[in-house]
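Encoded as structure tokens, the structure appears first; notes follow it.
Below, each value reflects all heavy atoms present in this structure, side chains not excepted, and no hydrogens, waters or symmetry copies. Position 1 is the first residue of the sequence; numbering continues from there.
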Amino acid sequence: MIRSLVNQPNIRCLLWIIFWTFPGLSAQASGPEFEVGSRPVRMVFDGEHIWVTNTGGDTVTKLRTRDGVTIGEYAVGKGPAGVAFDGENVWVANRVDGTVSKLRAADGVLVGLYQVDSEPFGITYDGAHIWVTQRQSDTVTKLRAADGEIVGAFSVGKVPVGVAFDGENVWVANRDGHTVSRLRASDGSPLGTFEVGQTPVGIAFDGENIWVAHVRSNTVMKLRARDGETLGTYSVGDRPRSQIVFDGTYIWLTNSGDDTVTKLRAGDGTVVDTLKVGKGPRAIAFDGTSVWVGNTDSDSVTRLDANH
């Protein structure tokens, strides 16, 4: 009876309208949602928990991956954005007050607060140092993870946002310069600037290649890490403006304009799935089994099955 009703064209049309008018309904079909703080924008996995920066509440939320339970919510600086894990501590770039917070991952205790340049945003860890992009000064700062001491500041392109480490070099997505910079991690020496698509923001390394998401062109570009050569450009959803993650086989990225997540095969860039999540997704992380998505405009996190 129910199946016959759903198969009627007018019923199917009505369901389609409901799901796209109320995106939270379709988000529930993709995976469970968990509440976090105000305007989650970035996240990282520490081996057991997901940490989410809440830029609207000046906090980070720690979630247990097995069930999404909130373990704690901890105060950081103003406008927290990028977040990274160094094996023991969680580092947060506080965009509004120009600082970086260092929290002990075990209990969220603040163990350091370091002043950097203006508008720190993206952040990554290279095994010994923390790298932070500064949007206003067009630089990236390198801090020693052991004590937070600044050991260098290096010029990159215009309005650097995303940052990734490939094992030897640091890659920076320059949003308003429409380029990607490559720096040698050991000393910050520039190794190349590569033209990419319009407004690059998200950036990630898949073990061999660099992936860059472009907000305005709704595409993701694949660059060969050893020389920056473009290997392909692939269409994704509307406004891919945040993080990118690699799960060992697939590239995942958020599309904030249409409330979806795109899953691409890393080998050839083929889109294998598009999943509906919460409103305005920008953050994303992989925990080895599931992909976690931070929905900025609905103050929630969606957990997706990576094998979907």
Side-chain angles (χ1 to χ4, degrees), residues 42 82 84 93 120-135 137-142 151-236 239-254 262-271 284 286:
R42 292 292 189 273
F121 196 85
I123 191 167
T124 195
Y125 176 59
D126 72 3
H129 300 91
I130 297 292
W131 294 76
V132 186
T133 61
Q134 276 87 218
R135 297 197 309 183
S137 62
D138 300 337
T139 60
V140 59
T141 296
K142 179 181 180 181
V151 296
F154 312 98
S155 295
V156 286
K158 191 174 182 180
V159 188
V161 181
V163 59
F165 176 61
D166 71 4
E168 293 185 4
N169 304 303
V170 173
W171 294 76
V172 180
N174 305 304
R175 189 192 69 188
D176 290 3
H178 313 304
T179 61
V180 170
S181 300
R182 182 174 64 170
L183 307 175
R184 189 163 56 208
S186 61
D187 59 7
S189 295
L191 299 178
T193 300
F194 309 97
E195 297 287 337
V196 291
Q198 288 190 329
T199 320
V201 178
I203 191 166
F205 178 58
D206 71 4
E208 187 175 355
N209 303 295
I210 296 293
W211 293 78
V212 185
H214 310 113
V215 173
R216 292 184 182 173
S217 60
N218 298 335
T219 60
V220 61
M221 182 177 286
K222 181 180 178 181
L223 307 177
R224 191 163 56 202
R226 73 169 183 267
D227 58 10
E229 181 176 339
T230 299
L231 300 179
T233 301
Y234 313 101
S235 295
V236 291
R239 296 184 68 77
R241 61 187 301 171
S242 191
Q243 290 175 287
I244 303 174
V245 295
F246 177 57
D247 72 3
T249 303
Y250 299 100
I251 293 292
W252 298 73
L253 54 85
T254 61
T262 300
K263 178 182 179 181
L264 306 93
R265 191 162 52 218
D268 59 10
T270 298
V271 174
I284 194 165
F286 177 60

[Y] side chain reached by [X] side chain, heavy atoms, under 4.5 Å:
| X | Y | result |
| --- | --- | --- |
| Ile130 | Ile123 | yes |
| Asp247 | Trp252 | yes |
| Arg135 | Val161 | yes |

From [atom1] ([X]) to [atom2] ([Y]), nearest 0.5 Å:
| X | Y | atom1 | atom2 | value |
| --- | --- | --- | --- | --- |
| Thr139 | Gln134 | OG1 | CD | 4.0 Å |
| Arg265 | Tyr250 | CZ | OH | 6.5 Å |
| Arg226 | Glu168 | CZ | CD | 13.0 Å |
| Thr233 | Leu223 | OG1 | CG | 8.5 Å |
| His129 | Ser186 | NE2 | OG | 10.0 Å |
| Leu253 | Tyr234 | CG | OH | 13.0 Å |

Problem - Sole residue of Thr141, Val163, Val170 in side-chain contact (heavy atoms from CB on, under 4.5 Å) with Thr133 - result: Val163
Any donor-acceptor pair under 3.5 Å linking the side chain of [X] with the backbone of [Y]?
| X | Y | value |
| --- | --- | --- |
| Arg182 | Ala225 | yes |
| Asp138 | Val159 | yes |
| Lys158 | Thr179 | no |
| Asn218 | Val236 | no |
| His178 | Thr199 | yes |

Exercise for the section: Run through Phe121, Phe154, Phe165 and flag the one making a ring pair (Phe, Tyr, Trp, His ring centres under 6.0 Å) with Trp131. Expected result: Phe154
Practice task
Take atom CZ of Arg216 as the centre, draw a 6.0 Å sphere, and report whether it contains more than 12 heavy atoms from other residues, nucleotides or ligands.
Solution key: no
Looking only at non-hydrogen atoms, find the nearest pair between [X] and [Y] and report the distance.
| X | Y | value |
| --- | --- | --- |
| Asp166 | Asn169 | OD1-N, 2.6 Å |
| Val196 | Met221 | CG1-SD, 3.6 Å |
| Phe194 | Gly228 | CE2-CA, 3.7 Å |
| Pro200 | Ala173 | O-CB, 3.9 Å |
| Asp206 | Asn209 | OD1-N, 2.5 Å |
| Ala204 | Ile244 | CB-O, 3.5 Å |

